[in-house]
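Numbers restart at 1 for each chain; the letters A, B, ... are given by sequence-line order, proteins then strands.
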Amino acid sequence: MCGRFALGIPRRQLEEHFAAEVPEVPPRINVAPSQPVLAIRLEHGRRVGRLLRWGLIPYWAKDEKIGWKTINARAESAAAMPAFRDSLRRRRCLVPADGFYEWDKSRKPREPHLFSLADASPMALAGLWDRWRPLDGGEAVESCTILTCPANALVARHHDRMPVILPPSAWAAWLDPATAPGALPALLKTCPAGQMAERLADIRINSPDFEPGAPG
DNA sequence: CCAGACGTTGTT
DNA sequence: GTCTGG
DNA sequence: CCAGACGTTGTT
DNA sequence: GTCTGG
């Protein structure tokens, strides 16, 4: 699954890598659910990075609590889920990351591992977003979720699910709302069967800077 | 019809 | 908003 | 995901 | 154990 990840890529490198306009974001080694995450989406045909709350709140929600249970969406079922299907059809995004964490729970204390690409290039996690307007007329909240798929062999040593990682060749079609829904499953299957999965590196974290309870 | 859910992961 | 269960 | 809390009364 | 907050 994907419940924590890292993002410390400098702005200009993100802009170059994703061909997008990206806001300045402080480097984070421990991005947690409910916090703002950088998501790249298409606005008027241009790729733009926005800070969206992690945990998708569907536009029809009565309150925002559902966002605690929607930090991930299963790629296999999202198209059929009331909370995700509209976003899957029309509101897809990329979530840049240095890598994502999985925990080794056989250790005391639990030990985090960072999974990043072997060549250290930025990862593009497949995401969905939505815009929710509070019933009391308060300000709209934009939020997002990260799709998951079955873990590849490397990640499976720790967990049976992992985030969908999209290769650069899939980004344009993923972001384009005009992409036919029928084409999406093929894009999502990029991970774990595709080449990116082969390039995942498993790095054990021993840094004293990493404190799960104190999101950086 | 109305009421209530709408989600994922992990663990047992 | 839309579907399921009662 | 992890960390941290884990309560009551009364009123709307 | 289970829920909430970050």
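- Look at NZ on Lys65(A): it is 19 Å from C1' on dT8(B), rounded to the nearest Å.
- Residue Arg161(A) places at least one side-chain N or O closer than 4.0 Å to OP1 or OP2 of dT9(B).
- Nucleotide dC1(D) holds its P atom 10 Å from the CH2 atom of Trp54(A), rounded to whole Å.
- A 3.5 Å limit on both hydrogen-bonding distances identifies dC6(B) as the Watson-Crick or G-U partner of dG1(C).
- An OP1 or OP2 oxygen of dT9(B) is reached within less than 4.0 angstrom by a side-chain nitrogen or oxygen of Arg74(A).
- Under a cut-off of 6.0 angstrom, the local environment of CZ in Arg11(A) is crowded, with over 12 non-hydrogen atoms contributed by other residues, nucleotides or ligands.
- Atom pair Ile146(A):CD1 and dT9(B):P shows a separation of 12 Å (rounding to whole Å applied).
- The residue Phe84(A) sits close only to the backbone: its heavy atoms come under 4.0 Å of sugar-phosphate atoms, none of a base.
- With salt bridges taken as basic N to acidic carboxylate O contacts below 4.0 Å, one links Glu64(A) and Arg53(A).
- In the displayed structure, Glu76(A) atom CD is contacted under 6.0 Å by more than 12 heavy atoms of other residues, nucleotides or ligands.
- Nearest to the side chain of Asn72(A), among dT8(B), dC6(B), dG5(E), sits dT8(B).
- Phosphate contact (OP1/OP2 of dT8(B), side-chain N/O of Ser77(A), threshold under 4.0 Å): present.
- Closest to the Pro33(A) side chain, of the nucleotides dC1(D), dT8(B), dC6(B), is dC1(D).
- Contact check on Arg41(A) versus Glu142(A) returns a salt bridge, with a Lys/Arg side-chain nitrogen under 4.0 Å from an Asp/Glu carboxylate oxygen.
- Ring-plane geometry between His113(A) and His158(A) is classed as tilted, the angle between the planes lying from 30 to 60 degrees on a 0 to 90 degree scale.
- The shortest distance between the side-chain N/O atoms of Thr148(A) and the OP1/OP2 oxygens of dT8(B) is not below 4.0 Å.
- Note on Asp160(A): only backbone sugar-phosphate atoms sit closer than 4.0 angstrom, heavy atoms only; bases stay farther off.
- Atom OH in Tyr101(A) sits about 17 Å away from atom P in dG10(B), given to the nearest Å.
- Counting to the nearest Å, the P atom of dG10(B) and the CZ atom of Arg110(A) are 11 Å from each other.
- Residue Ala73(A) has its side chain nearest to dT8(B) when only dT8(B), dG5(E), dC6(B) are considered.
- Using a 4.0 Å heavy-atom criterion, one finds that Arg53(A) contacts no nucleic acid atom at all.
- For the pair Ile205(A) CD1 and dC2(D) C1', the interatomic distance rounds to 16 Å; values are reported in whole Å.
- One interatomic measurement links the two molecules: CD1 of Ile66(A) to P of dA5(B), which rounds to 11 Å at whole-angstrom precision.
- Here the side chain of Tyr59(A) is nearest to one of dG1(C), dT8(B), dC2(D), namely dG1(C).
- Judged by the 6.0 Å and 45° rule, Arg92(A) forms a cation-pi pair with Trp174(A).
- Proximity of His159(A) to the phosphate of dT9(B): no side-chain N or O atom is located under 4.0 Å from OP1 or OP2.
- Here dT4(E) presents its P atom at 15 Å from CD1 of Ile71(A), a figure rounded to the nearest Å.
- When the side-chain nitrogen and oxygen atoms of Arg4(A) are compared with OP1 and OP2 of dC2(D), none of them lie within a distance under 4.0 Å.
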